[in-house]
Number of protein chains: 2
Amino acid sequence: MAMGRPRCFDAEKALDEAMEVFWRHGYEGATIAQLTEAMGINPPSLYAAFGSKEGLLRAALDRYTAKRGAFLTETLCAPTARVVAERLLMGIAEAQTDPSHPPGCLLVQGGLACGSGSENVPFELASRRAETEHRLRQRFERAKAEGDLTATADPAALARYLSAVIVGMSVMASSGAGREELREVARLSLKAFEQQAETVTKASASTPIVALIQP
Amino acid sequence: MAMGRPRCFDAEKALDEAMEVFWRHGYEGATIAQLTEAMGINPPSLYAAFGSKEGLLRAALDRYTAKRGAFLTETLCAPTARVVAERLLMGIAEAQTDPSHPPGCLLVQGGLACGSGSENVPFELASRRAETEHRLRQRFERAKAEGDLTATADPAALARYLSAVIVGMSVMASSGAGREELREVARLSLKAFEQQAETVTKASASTPIVALIQP
DNA sequence: CTACATCTGTAGTGAGCACTACAGTTATGG
DNA sequence: CCATAACTGTAGTGCTCACTACAGATGTAG
């Protein structure tokens with residue numbers, strides 16, 4: 001039958017604005033009034049489109065993790081675990097101090113603790129952070145199988161370690177640390193990989209992808 | 001003249017309870033109703049003693065940092081920078097998974113982002129975290145002077161790195177990581193110190209405190 | 001014992017919160 | 001061109017929040 005009046009706002013642009021508000025003020029600190037103003041809509045439109053404040057957060061998180069996930073996917077293509085870690089940490093040092101966004105990471109700034117009634121918000125954020133750790137672990141398991149990590153290396157522990165450092169960098173950024181300070185943390189963190197990696201020659205021997213394509 | 005009716009509750013015990021509530025729910029997530037119930041008092045007593053919710057937080061933070069500061073002071077007495085870092089990280093892995101308290105660190109769980117009107121809370125927490133970093137840096141500067149860190153080591157960067165890892169461990173703990181997982185992160189973090197430390201013999205040569213006391 | 005200073009418990013206060021009822025608007029289907 | 005379906009803006013809803021007025025309680029000083 002009839003199809004009704006179409007939506008007057010761009011949902012993706014509105015989500016980007018909502019994302020910024022949650023990022024800057026956290027889930028509990030963000031008010032519907034702030035959100036609707038930033039999104040340029042009125043409360044009923046928000047609730048029609050996203051159901052609730054928590055639904056809006058989830059939609060914003062989906063958008064956020066899609067972007068960050070793409071960066072991670074690209075990073076995981078690096079030839080060795082060591083290079084994966086380096087590009088990841090350096091990229092994150094840059095992203096978390098990008099002046100066009102609030103500092104730090106939405107998955108951390110969103111909220112680690114919440115009042116009664118929103119206990120699942122920290123849980124939701126934690127499970128999204130765990131996704132990154134999971135993909136890192138898989139990549140390091142592959143690296144171990146390919147020999148660019150030693151046989152004694154623990155891929156799960158390395159992934160957990162990197163995740164912890166990333167979260168630490170995020171908090172540092174949110175409390176005012178600059179890009180170069182984050183890079184220094186990243187550089188020191190990478191030292192943990194230096195003992196776990198096979199020699200450079202052996203590592204480069206296990207990276208024949210380019211060599212195969214360009215013989 | 002007259003001295004008035006004395007206080008009926010133990011302010012320090014009440015502060016301990018308030019600390020737990022802020023720790024578990026964050027500053028914004030904690031309500032006056034929860035706080036007064038946990039403290040076993042009524043709102044007027046709370047406001048008479050601490051002035052405001054933010055004043056109560058500050059008093060709770062004072063108590064928290066006093067305890068943690070004592071642990072840090074003790075840890076900084078370790079003979080070398082490497083041992084300082086090891087004892088600190090291992091002690092923190094234990095403290096942050098102590099089942100008699102909420103997981104993680106109050107200075108992180110308290111809130112990284114806040115709604116308009118409490119913007120100074122994240123700032124207050126950050127400046128208290130910075131205090132630990134500052135004391136670590138001073139200790140590493142001493143270590144460099146004493147020669148148990150190499151001449152090329154950067155004490156400020158090492159302190160910042162450790163602070164970042166500690167924060168990362170705190171967030172991990174608050175999202176459910178166990179003690180052994182935190183210890184693994186700590187062990188990997190310490191690898192950053194292995195290149196910065198002089199040889200073991202040289203390091204032990206610069207630890208004559210015990211030798212002097214017990215010749 | 002009386003006067004006074006401070007605390008305690010009851011019972012609120014206005015403000016701000018997430019969320020929504022409703023009437024008006026703008027599209028499509030027939 | 002009319003009926004219908006979905007969205008929009010106004011103006012609220014009840015609820016919870018941090019905070020407090022006030023009266024009664026309980027101590028000390030003289």
Side-chain angles (χ1 to χ4, degrees), chain A residues 1-15 17-18 21-22 24-60 110-111 113-122 124, chain B residues 1-15 17-19 21-22 24-61 110-111 113-122 124:
Chain A
M1 298 278 277
M3 274 200 29
R5 175 176 176 177
R7 177 176 288 155
C8 289
F9 64 95
D10 178 347
E12 300 208 326
K13 269 210 177 306
L15 267 184
E17 298 298 330
V21 176
F22 283 131
R24 199 174 303 278
H25 298 289
Y27 174 74
E28 291 200 291
T31 69
I32 296 290
Q34 285 175 318
L35 289 164
T36 52
E37 187 186 343
M39 298 166 84
I41 62 177
N42 291 308
S45 300
L46 191 160
Y47 283 89
F50 305 106
S52 67
K53 188 183 176 185
E54 216 171 305
L56 175 61
L57 175 71
R58 260 190 288 271
C114 265
S116 314
S118 326
E119 292 93 347
N120 33 344
V121 167
E124 172 93 27
Chain B
M1 298 275 274
M3 274 200 32
R5 175 175 177 176
R7 180 176 287 156
C8 289
F9 63 96
D10 178 347
E12 299 208 327
K13 269 209 178 305
L15 266 184
E17 298 298 329
M19 198 174 80
V21 175
F22 282 132
R24 199 175 301 280
H25 297 290
Y27 174 74
E28 292 200 291
T31 69
I32 297 290
Q34 285 175 318
L35 289 163
T36 52
E37 188 187 341
M39 298 166 85
I41 61 176
N42 290 309
S45 299
L46 191 160
Y47 283 89
F50 305 105
S52 66
K53 187 183 176 185
E54 217 171 304
L56 176 61
L57 175 71
R58 261 190 288 270
L61 289 178
C114 267
S116 315
S118 326
E119 292 93 347
N120 32 343
V121 167
E124 171 92 28

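Values below: every heavy atom of this structure, side chains too, minus hydrogens, waters and symmetry copies. Numbers restart at 1 for each chain; the letters A, B, ... are given by sequence-line order, proteins then strands.
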| What's the CE-P distance between A:Met3 and D:dT4, to the nearest Å? | 18 Å

| query | Roughly how many Å is it from CD in A:Gln34 to P in C:dC17, rounded to a whole number? | reply | 8 Å

| Side chain A:Glu28, main chain A:Gly115, donor-acceptor under 3.5 Å | yes

| said: On DNA chain D, compare the nucleotides closest to A:Ala48 and B:Ile32; which residue's is nearer the 5' end? | reply: A:Ala48

| Sugar-phosphate, base or nothing in reach of A:Ala30, heavy atoms under 4.0 Å | sugar-phosphate

| query | 5'-most contact on DNA chain D: A:Pro44 or B:Pro43, nearest heavy atom basis? | reply | A:Pro44

| task | Using a 4.0 Å heavy-atom cut-off across all strands, classify A:Pro6 as base, sugar-phosphate, or nothing. | result | sugar-phosphate

| message | With side-chain contact (heavy atoms from CB on, under 4.5 Å) as the test, pick out the partner of B:Leu56 among B:Leu35, B:Ile32, B:Leu61. | response | B:Leu35

| B:Phe9 CZ - C:dT6 P separation (whole Å) | 16 Å

| Derivation and outcome, side-chain contact (heavy atoms from CB on, under 4.5 Å), residues A:Lys53 and A:Ser118 | CA-CA 10 Å; A:Lys53 188 183 176 185; A:Ser118 326; over 6 Å; no

| said: Under a 3.5 Å distance rule, please check whether B:Glu119 uses its side chain to pair with a backbone N or O of B:Gly117 as donor and acceptor. | reply: yes

| said: Can you tell me if B:Ser45 touches the phosphate of C:dT8, counting only side-chain N or O atoms and a distance under 4.0 Å to OP1 or OP2? | reply: yes

| field | Options D:dT8, D:dA18, C:dT8, nucleotide nearest the side-chain atoms of B:Lys53 | value | D:dA18

| request: Check the distance between D:dG27's P and B:Arg5's CZ and give it to me in whole angstrom. | output: 7 Å

| said: For B:Lys13, is there an ion pair with B:Glu17 - N to carboxylate O distance below 4.0 angstrom? | reply: no

| When the distance from CD1 of A:Ile41 to P of C:dT25 is rounded to whole Å, what number comes out? | 20 Å

| Distance below 4.0 Å between B:Tyr47 side-chain N/O and D:dC19 OP1 or OP2 | yes

| remark: Rounded to whole Å, CZ of A:Phe50 lies from P of C:dT20 at a distance of 16 Å

| query | A:Arg7 CZ to D:dG9 P: how many Å, rounded? | reply | 13 Å

| field | Rounded distance (Å) that lies between atom P of C:dT8 and atom CE of B:Met39 | value | 11 Å

